[in-house]
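Note that this is a predicted model, so its numbers are computed, not measured.
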4 protein chains.
Amino acid sequence: MQNLVILAGNIGQDPESRTTINNTRITHFTLATSRPRYAEGKVLRDKDGYRVQETEWHRITCFNGLGKTVEQHCQKGMKVLVRGRIHYTKWTDREGIERYSTEIIAETVDFLSWPKREDDSRGANDPDDEIPF
Amino acid sequence: MQNLVILAGNIGQDPESRTTINNTRITHFTLATSRPRYAEGKVLRDKDGYRVQETEWHRITCFNGLGKTVEQHCQKGMKVLVRGRIHYTKWTDREGIERYSTEIIAETVDFLSWPKREDDSRGANDPDDEIPF
Amino acid sequence: MQNLVILAGNIGQDPESRTTINNTRITHFTLATSRPRYAEGKVLRDKDGYRVQETEWHRITCFNGLGKTVEQHCQKGMKVLVRGRIHYTKWTDREGIERYSTEIIAETVDFLSWPKREDDSRGANDPDDEIPF
Amino acid sequence: MQNLVILAGNIGQDPESRTTINNTRITHFTLATSRPRYAEGKVLRDKDGYRVQETEWHRITCFNGLGKTVEQHCQKGMKVLVRGRIHYTKWTDREGIERYSTEIIAETVDFLSWPKREDDSRGANDPDDEIPF
DNA sequence: TTTT
DNA sequence: TTTT
C-alpha cells in the first residue's frame with residue numbers, strides 16, 4: 001500500500017553517482033528540510049529573537065534516467081521538490097555490528113530554484129534541455 | 001477520510017481578502033501549476049523545440065490567521081507550496097443556472113521564493129516576522 | 001510544478017468506461033471523502049450526539065490500463081486510495097452557457113477493501129490477478 | 001520547508017505508550033506498507049506465480065491526544081492512513097557505538113478498517129467516541 | 001552539509 | 001493571471 005514522501009528543501013552537497021555491477025546508475029544527494037521548533041505550543045526563538053529551526057537531513061536516492069538528470073542539473077544550495085518513498089536498509093558492518101539506514105527513493109525531482117553555474121543557466125524550457133521538469 | 005492536496009506553483013495575482021458577516025477573514029489567491037504535455041508517451045514540443053506546458057489554475061482559500069499571513073507576505077509571481085484539501089461548491093446564479101466551483105482550502109502555505117517588494121525583504125528568520133513558515 | 005492529490009474514500013457508483021475516437025479508454029468513478037464538521041474549533045454533533053460529517057464527492061478519471069483495472073476490480077462501496085492530479089475543464093454547453101468542471105486524473109488506485117462479488121474475491125495476490133496494487 | 005509523509009498500511013503490533021519526565025505522552029506503533037517488487041520493469045512473481053511483495057516497516061510516533069486516541073482504538077492488523085513527517089535520531093549506545101534511527105511523527109491517523117475487539121466495535125460515529133477521524 |  |  002501507499003508509501004509516499006514529499007520533501008521541499010535545499011540540496012546539501014552536489015549529487016554523486018555510481019554504477020552497480022548490474023549496470024544500474026545510482027545517484028545520491030542530501031536534502032535539508034526545516035521547520036520552526038515549538039515548545040508548549042509556541043515557536044521557540046533564540047536570544048536574538050530569531051526562530052529556532054529544526055533541520056532534518058534526508059538521503060535521497062535516484063535511479064537511472066532521473067539520476068542522470070539530477071546529476072546534470074542539481075547542485076548544492078538549490079531548492080527542489082522530491083516525491084518518492086521511504087526505504088529502510090539493515091546491514092552488518094565490518095565489526096559485525098548491525099546497522100540501519102533510511103533513504104528516500106525519488107520518483108520525481110522538480111526544480112524550485114535555478115542552478116548558479118553559467119553552463120546550466122539555460123532555463124527549463126530550452127529545446128536542448130533534457131530536464132523532465 | 002483523507003482529502004489531501006499538495007501544490008507547488010506560482011501565485012497569479014496578489015491575494016485578496018474579505019471578512020464575512022460572522023467575522024471570518026477569507027483570503028483568496030490563484031496558483032499556477034504546470035507540467036509538460038505528452039502525446040503518445042513523448043513530451044510535446046512547439047515549432048521552436050520548446051516543451052509545451054499544460055497549466056492548471058487553482059483557486060486557493062485561506063482562513064483567519066493563515067489568510068492574514070498570506071495577505072501580508074505573498075504576492076504575484078512568488079513560488080509557494082500549498083497543503084490543503086479540495087472543496088466543491090454548488091450554487092444557483094441570478095439567472096437561475098446551477099453553477100459549480102472548486103477551491104483548495106489551504107492548511108499551510110510555505111514560501112519557496114522571496115517577495116520582490118523592498119518592505120517585505122526582511123527574510124523568514126527576522127525576529128519581527130510573523131510568517132509561520 | 002507539482003500538482004498532487006491523495007484521496008482515501010469510498011466509491012459512490014460502479015466505474016463506467018468509454019473509448020474516445022483516438023482509441024483512448026477513459027474510466028470514471030466518484031469517490032466520497034468525509035471529515036468532521038467544525039464550528040468555533042469544536043467538532044459539530046447532531047441532536048443525537050453523532051458527529052456531523054462533511055462529504056466531498058470527487059470525480060475520478062483513469063486512462064487506459066489503470067482504467068481497465070479499475071473497471072474490473074473496483075465497485076460501489078469499496079474503499080480506495082487514489083493518487084493523482086487536479087484538472088479543470090471549461091466548456092460551453094448547448095445553451096451557450098460557460099461551464100466549469102473539475103476532475104482528479106488518477107495515476108494510481110490502491111485497494112483498501114475487497115470486492116463483494118464472488119468472482120472478484122480471489123485476493124490481490126492471486127497469480128491470475130492483474131491488479132497492479 | 002515541507003517534510004510530508006503519507007502512509008497507508010497495516011499495524012504490526014498493538015500500540016505502546018509511555019510518559020516522559022516532562023509529562024509528554026508518547027505512543028508508538030509499527031506500520032507495514034507493501035508494493036510489488038520489480039525487475040527489469042516487470043512485476044516479480046514467485047515460483048507459484050504470486051507477486052513478490054516488498055514490505056517496509058515504519059516506526060510511527062504519536063504525541064499526547066493523538067497518541068491517546070491511537071492507543072484506545074488502533075490494534076494489530078488494522079489498516080490506517082498516517083500523515084506526518086520524517087524525523088531522524090542519532091545517539092550513542094552503551095557500547096559507545098553511534099546509532100541512527102528513523103521515525104514518522106504522525107499528525108493525523110485515519111481508520112481504514114475497524115477494530116476486531118468487541119469493546120471497540122461501536123463505530124467511528126458513536127456519540128461517546130472520541131476518535132477525531 | 002543547505003537555505004533565509 | 002504565474003513562472004522558466
Side-chain angles (χ1 to χ4, degrees), chain A residues 7-16 28-36 45-46 48-60 73-82 110-116 120-129 131-133, chain B residues 7-16 28-36 43 45-46 48-60 73-82 110-116 120-133, chain C residues 1-3 88 90, chain D residues 1-3 88 90:
Chain A
L7 304 172
N10 299 297
I11 295 179
Q13 291 294 310
D14 286 353
E16 292 182 359
H28 289 289
F29 63 93
T30 54
L31 189 74
T33 59
S34 40
R35 63 193 291 276
R45 290 173 186 275
D46 64 22
D48 299 318
Y50 288 90
R51 284 181 283 126
V52 179
Q53 296 286 326
E54 186 173 287
T55 298
E56 302 288 351
W57 282 100
H58 309 269
R59 176 175 169 78
I60 313 292
H73 300 281
C74 292
Q75 56 189 244
K76 180 176 168 174
M78 279 178 62
K79 249 182 237 312
V80 292
L81 183 66
V82 171
D110 289 359
F111 276 153
L112 299 173
S113 67
W114 298 99
K116 282 159 196 165
D120 261 338
S121 61
R122 295 164 299 161
N125 227 1
D126 190 291
D128 291 341
D129 192 344
I131 310 180
F133 37 74
Chain B
L7 304 172
N10 299 296
I11 295 178
Q13 291 294 309
D14 286 353
E16 291 181 1
H28 289 290
F29 63 93
T30 55
L31 189 74
T33 59
S34 39
R35 62 193 290 278
V43 169
R45 289 172 188 276
D46 63 21
D48 299 317
Y50 289 90
R51 284 181 283 127
V52 179
Q53 296 285 326
E54 187 174 286
T55 299
E56 302 288 351
W57 282 101
H58 310 269
R59 176 176 169 79
I60 314 291
H73 301 281
C74 292
Q75 56 190 245
K76 180 177 168 173
M78 278 177 63
K79 250 182 236 312
V80 293
L81 183 65
V82 171
D110 288 0
F111 277 154
L112 300 174
S113 67
W114 299 98
K116 282 158 197 166
D120 261 339
S121 61
R122 295 163 301 160
N125 227 1
D126 190 291
D128 291 341
D129 191 345
E130 289 309 324
I131 310 181
F133 38 73
Chain C
M1 252 173 298
Q2 285 276 149
N3 167 352
Y88 307 96
K90 180 186 175 177
Chain D
M1 252 174 297
Q2 285 274 149
N3 167 353
Y88 306 96
K90 181 185 175 177

Gap between atoms CG and P, on N10(B) and dT2(F) respectively (whole Å): 10 Å
Rounded to the nearest 0.5 Å, how far apart are CE of M78(A) and CG of L31(A)? 11.0 Å
What is the distance from CG of D14(B) to P of dT3(F), rounded to the nearest Å? 11 Å
Quick check: any donor-acceptor pair below 3.5 Å linking the side-chain of S34(B) to the base of dT3(F)? no
With distance as the sole test, does Q2(C) use its side chain to make a donor-acceptor pair with the main-chain N or O of D110(A) at under 3.5 Å? no
Over how many whole Å does the gap from D46(B) atom CG to dT4(F) atom P extend? 18 Å
What integer distance in Å separates W57(A):CH2 from dT1(E):P? 9 Å
Side chain to side chain donor-acceptor pair (under 3.5 Å) partners of T30(B), counting only residues at least two apart: none
Distance, rounded to the nearest Å, where K76(B) contributes NZ and dT3(F) contributes P: 7 Å
Using a 6.0 Å cut-off, check whether atom CD of E16(B) has over 12 heavy atoms from anything other than its own residue. no
Quick one: H58(B) NE2 to dT1(F) C1', roughly how many Å, whole number? 13 Å
Return the value, rounded to whole Å, for the distance between atom CE of M78(A) and atom P of dT1(E). 21 Å
Base, sugar-phosphate, or nothing: which does T55(A) touch, judged by heavy atoms less than 4.0 Å apart? base
Round to the nearest Å and state the distance from F29(A) atom CZ to dT1(E) atom P. 19 Å
